[in-house]
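Heavy atoms only: backbone and side chains are in, while hydrogens, waters and symmetry mates are out.
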Amino acid sequence: MSDDTPELQPADLPPKKGRKGVVDVISALHLHDGSLAAQEQKVADYVKQNLEDISAITIGDLAERCGVSKPTVVRFCRSLGCDGFREFKLRLVQNLAVSMQYLSAGAEQSALGSSAALNQVLGALLATTNAMRQQVDTQALNAAKNALLITRHLLFAGIGGGSSMVAHDAANRFFRLGFPSFATSDSYLLQMRAATLTRDDVLFLISASGEADAIVGAAEIARGYGATTICITKPDTRLAAVTNIQIAVDIPEDSDIYKPTASRYAHLTLIDALAMSVAQEMSAETLENLRRIRASLTAYHGRTGPQPLGD
């Protein structure tokens, strides 16, 4: 019998029509904790103590263990924003798949002093770049460099925190070399921009997972119109399969959830290496562009002392 059959939904339950499923039932569980009806609170207390067991039990099992009726369990699920027990279980399983390392982090992690934290981050930086160096195909880097040297228009894109930051840094790096370079992290804008690219343009995509629909879709669109597509991503991913040039690196992430994502160090390093090799290849134009930028800044703020030459 279905979990949401009429016998489990008495007339006093709110109607299902128009109800939107809650995204994070774990947060909803804590948000409503203490404000639920007494019988529903029994269910909440049991669920909080047995989060990982709920997916394997039936609504009857849960009701019996909590000493309540099946309709009470349904009312509890609806109080959290779910249509019934089946949806509650599905959303809880989805939450737990990504949440357990965060839920248990407090007991496993101990606070570090500033010096120890600095050492840990620097250690991760060295380990990440060393791992990347062992994996990078220099022929792919050279192919990317050659494509960049002849591009008319250069669009960088990344979706998500780390990848979008790398994309914007890359556009900042290449405009200084004289390239019309732009960056976007908006999924809709990316699809539109990809559709305007031609065989004289390059779409450069950064993705730690290589599976983001927006990134893969943009690569397919741009490539369909003849643009050259380059990516920095994991090997054997959907993105790697649809781009012309793949710079593939697989960087394992640290289990410490408080430490910033390691892969972005590798991605930034690869962007800097490409920018440097392109700049050296067209040194005359690069030198003039950098000189103009420095001259304009000096005129703006008046400082003539030592400053980062490439930035």
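- By the rule that hydrophobic residues join a cluster once side-chain heavy atoms approach within less than 4.5 Å of another member, I159 and I221 end up as members of separate clusters.
- Salt-bridge check for E220 with R223: failed, with every basic side-chain N at 4.0 Å or more from each acidic carboxylate O.
- In plain terms, the two heavy atoms of A222 and T229 that are nearest each other are CB-CG2, 4.0 Å.
- Note that CD1 of I247 and SG of C231 are 7.5 Å apart. Values are rounded to the nearest 0.5 Å.
- Counting only N and O atoms by type, the side chains of T72 and Q39 include no donor and acceptor under 3.5 Å apart.
- Under the 3.5 Å distance criterion, the side-chain polar atoms of K89 are left unmatched by any main-chain donor or acceptor of A56.
- Between L203 and L205 the shortest side-chain heavy-atom distance falls below 4.5 Å.
- Judged by distance alone, with hydrogens and angles left aside, the side-chain atoms of S164 form a donor-acceptor pair with the main-chain N or O of G161 at under 3.5 Å.
- In this structure, E40 contributes its side chain and V73 its backbone to no donor-acceptor pair below 3.5 Å.
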Next item on the list: Kindly indicate, with the supporting measurements, whether the criterion side-chain hydrogen bond (donor to acceptor under 3.5 Å, both in side chains) is fulfilled by T237 and E211.
Entry: CA-CA 6 Å; T237 57; E211 299 295 339; 4.8 Å; no

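- Between the side chain of H32 and the main chain of S79, a donor-acceptor pair closer than 3.5 Å is present.
- Taking the side chain as every heavy atom from C-beta outward, L190 and I215 approach each other to under 4.5 Å.
- Summarising the geometry, atom CG belonging to N146 is positioned 12.5 Å from atom OG1 belonging to T151; distances are rounded to the nearest 0.5 Å.
- Closest non-hydrogen pair, I251 versus A266, comes out as CG1-CB, 4.0 Å.
- One finds the OG1 atom of T129 at 10.5 Å from the CD atom of Q134 (value rounded to the nearest 0.5 Å).
- A donor-acceptor pair shorter than 3.5 Å can be found between the side chains of D33 and Q41.
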Note to self: Evaluate C77 against E87 for side-chain contact (heavy atoms from CB on, under 4.5 Å), listing each step before the verdict.
What the structure shows: CA-CA 8 Å; C77 296; E87 182 186 353; over 6 Å; no

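- Side-chain atoms of Q280 and T286, non-hydrogen and from C-beta on, never get closer than 4.5 Å to each other.
- In this model, a donor atom of one side chain and an acceptor atom of the other lie less than 3.5 Å apart for N172 and R176.
- In this structure the side chain of L90 reaches within 4.5 angstrom of the side chain of Q94, judged on heavy atoms.
- Here H267 contributes atom NE2 and S207 contributes atom OG; the two are 8.0 Å apart, rounded to the nearest 0.5 Å.
- Distance check: K145 NZ to N142 CG gives 4.5 Å after rounding to the nearest 0.5 Å.
- Within a 6.0 Å radius of CD in E64, other residues, nucleotides and ligands contribute 12 heavy atoms or fewer.
- With N50 contributing its side chain and Y46 its backbone, the two residues share a donor-acceptor pair below 3.5 Å.
- I59 is connected to I57 through a chain of hydrophobic side-chain contacts under 4.5 Å among Ile, Leu, Val, Met, Phe, Trp and Tyr, so both are in one cluster.
- Between E288 and R291, some side-chain heavy-atom pair lies under the 4.5 Å cut-off.
- Classification of R91 and D24 as a salt-bridged pair fails, no side-chain N sitting under 4.0 Å from a carboxylate O.
- Using modelled atom types, one finds no donor on one side chain facing an acceptor on the other under 3.5 Å when comparing N244 with T228.
- Between V43 and the options V74, V68, L36, a side chain to side chain contact (heavy atoms under 4.5 Å, CB included) holds for only V68.
- For R152, the CZ atom counts as densely surrounded, since its 6.0 Å shell holds more than 12 non-hydrogen atoms of other residues, nucleotides or ligands.
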Check: side-chain contact (heavy atoms from CB on, under 4.5 Å) between I26 and L92: does it pass, once the steps are laid out?
Finding: CA-CA 7 Å; I26 294 176; L92 181 60; 4.0 Å; yes

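- The heavy-atom pair separating A219 from V242 by the smallest distance is CB-CG2, 3.8 Å.
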Check: Can L29 and L51 be said to form a side-chain contact (heavy atoms from CB on, under 4.5 Å), step by step?
Finding: CA-CA 11 Å; L29 185 63; L51 285 173; 4.3 Å; yes

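- Of the N and O atoms on the side chains of T198 and D201, at least one donor lies less than 3.5 Å from an acceptor on the other residue.
- Ion pairing between a basic and an acidic side chain is recognised when a charged N comes within 4.0 Å of a carboxylate O; D83 and R78 show no such pairing.
- Under the 4.5 Å side-chain contact rule for hydrophobic residues, I230 and L149 share a cluster.
- Closest approach of L141 to L270, counting heavy atoms only: CD2-CD2, 4.3 Å.
- Between Y225 and L197 the shortest heavy-atom distance is CB-O, 3.4 Å.
- Here the two rings, on F156 and F174, have centers that are under 6.0 Å apart.
- Ion pairing of D45 with K42 is absent here, as no side-chain N (NZ or NE/NH1/NH2) approaches a carboxylate O to less than 4.0 Å.
- Around CE of M282, the count of heavy atoms belonging to other residues, nucleotides or ligands within 6.0 Å exceeds 12.
- F204 pairs with exactly one of T243, L155, L274 by the side chain to side chain contact (heavy atoms under 4.5 Å, CB included) rule, that one being L274.
- One hydrophobic cluster holds both V166 and V249 under the rule that ILVMFWY side chains link at heavy-atom gaps under 4.5 Å.
- At least one donor-acceptor pair closer than 3.5 Å links the side chain of T233 to the backbone N or O of G210.
- Taking the ring centroids of F175 and F182, they lie at or beyond the 6.0 Å cut-off.
- Between G217 and Q191, the closest heavy-atom pair is C-OE1, 3.7 Å.
- How far CD of Q246 is from CG of D236: 10.0 Å, rounded to the nearest 0.5 Å.
- Of the N and O atoms on the side chains of T58 and D61, at least one donor lies less than 3.5 Å from an acceptor on the other residue.
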Note to self: side-chain contact (heavy atoms from CB on, under 4.5 Å), that's the test. Do F76 and F85 meet it? Break it down for me.
What the structure shows: CA-CA 9 Å; F76 159 75; F85 186 61; over 6 Å; no

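- Under a hydrophobic clustering in which Ile, Leu, Val, Met, Phe, Trp and Tyr are joined whenever their side-chain heavy atoms come within less than 4.5 Å, directly or via other members, V202 and V216 fall into different clusters.
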